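Here is the structure we will look at.
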Protein chains: 2
Amino acid sequence: MGKAALAAKAPEERRERILRATIAVVRARGFAGTRVTDIAVEAGTSQGLILYHFGSLAGAFAASLTLLEDEFYEELDRNLSEVVGPVPRLRHIAELGAGHGPAVGDWRLWLELWVRAIRDDDARAARESLDTRWRGALRQVVDEGLAAGVFEASDPKASVLRLAALMDGLAIQLALAEPGMTPSKFTELWWQSAVLELGISPVSAVTGSKGGQKKN
Amino acid sequence: MGKAALAAKAPEERRERILRATIAVVRARGFAGTRVTDIAVEAGTSQGLILYHFGSLAGAFAASLTLLEDEFYEELDRNLSEVVGPVPRLRHIAELGAGHGPAVGDWRLWLELWVRAIRDDDARAARESLDTRWRGALRQVVDEGLAAGVFEASDPKASVLRLAALMDGLAIQLALAEPGMTPSKFTELWWQSAVLELGISPVSAVTGSKGGQKKN
DNA sequence: AAGATTCTTGAACGGTCATTCAGTTAGGCT
DNA sequence: AGCCTAACTGAATGACCGTTCAAGAATCTT
């Protein structure tokens, strides 16, 4: 009976383990390079089980995307509630993008998702949903700042769109390890744009970072 | 003999036809979805010939990337020489990105290249070279503008980096047909950032477009 | 505890596809 | 013309890989 308690894996647990394994493998090999066997090995199960639960490899991909979404949302909320005040929060976002925060940070996975979204409807829906949510969070911070009078923007919607797009664009270079692009450079470049775009005063801009203006 | 003149295809011609076909198929199906047969059909040759010339499918991919580079360079130069003066030229760039100009415009192909660059060295080299060249062109326009006194930027290098990255980021939305993103919106969003980033005066900003400020 | 149901396995199947290859054609050279 | 090499073909090969399946656990029901 003690044995049973240890050996017994709820099927649900198995399912989730497979989905996590799927994400891990896609991260490492990309969608195109992911085999059923890879997932099985990573999850410590058989190939058969993957097909049993998800019907096909594509089905496993699709299901793993919704897990990815859930975790992204959760983490985003957790991250943003960590910091208060529009400027520090925006600054926090600038740092998040650079790769702090595990789920948010893996830009290569994002690239994979974008390309898959060109032709796969599940991926398209997932990426759109993620993007909307992400822009919404950014929008919310911007609105807070506008209300508090520390940001100014003639067209907040456009500003948010641009800042979000800029982050994606910078992310590409980070993901591809473009020489000269580092996480801290990423953060600074984006932050500068935010300052410019939202008319953040130099004083608050510097104070934005929690630790003051110490650089290293 | 007349016959010979018509029928005779220089092998070089065949080679190039295959490379063009490769690009076309990748554009349509992505790297992951491209089969040797597809290329053969598109090029009107046999599968065998592709392998004969390029050794492998990956080889054909690699070779087609250098053709892509060449055409990109050529087209970029052609496009930029069309317009004179820093402001109109920058404006022209804003419009180019939105998809005018065939080779420059196909952002989906760019996405494919980015993802392939994660794991394939040839793709990585090609994309880096393309990117460098592209940023160089942007940089040149910015320098012109600075010299002429119509732009101002405290850190031109960073400005160029940001403007280039922003274009990539916006391109993703264009490539994925994000609802609400259109070529003209793309152009306007980017242009606004350029105006902000380079301190372009409203007067020249409006005159930037060749046709004056007509909107429709 | 017997039976039914769900879960799990891994071997076998079958299709797809890059690559090979034996042979054909065409062009250039003498 | 006759030979040699490069270009070219497409059928055959063989590996890889998603999916199927028959059978075996585990769990649940009563």
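In what follows, every chain begins at residue 1, and chains take the letters A, B, ... in the order their sequences are listed. Only a predicted model underlies this, so the values are computations on that prediction, with no experimental measurement involved.
The shortest distance between the side-chain N/O atoms of A/Arg35 and the OP1/OP2 oxygens of D/dC16 is not below 4.0 Å.
In this structure, B/Glu12 atom CD and D/dA6 atom P are separated by 16 Å, rounded to whole Å. Atom CZ of B/Phe31 is separated from atom C1' of C/dA18 by 17 Å (rounded to the nearest Å).
Residues A/Val195 and A/Trp191 have side chains in contact (heavy-atom distance under 4.5 Å, counting atoms from C-beta outward).
Side-chain contact check for A/Gln47 and A/Thr37: at least one donor-acceptor pair (N or O, by modelled atom type) lies under 3.5 Å.
A/Phe61 pairs in a side chain to side chain contact (heavy atoms under 4.5 Å, CB included) with only one of the listed residues (A/Val26, A/Leu19, A/Ile23, A/Asp122), which is A/Val26.
Of all heavy-atom pairs between A/Glu69 and A/Ala126, the closest is OE2-CA, 3.5 Å. Shown here for B/Arg119 and A/Glu112, the closest heavy-atom pair between the two residues is NH1-OE2, 2.7 Å. Between A/Asp38 and A/Gly33 the shortest heavy-atom distance is OD2-O, 3.6 Å.
Among the nucleotides C/dT8, D/dG18, C/dA18, the one closest to the side chain of A/Arg14 is C/dT8.
Less than 4.0 Å separates DNA chain D from at least one heavy atom of each of the following residues of residues 42-60 of chain B: B/Thr45, B/Ser46, B/Gly48, B/Leu49, B/Tyr52, B/His53.
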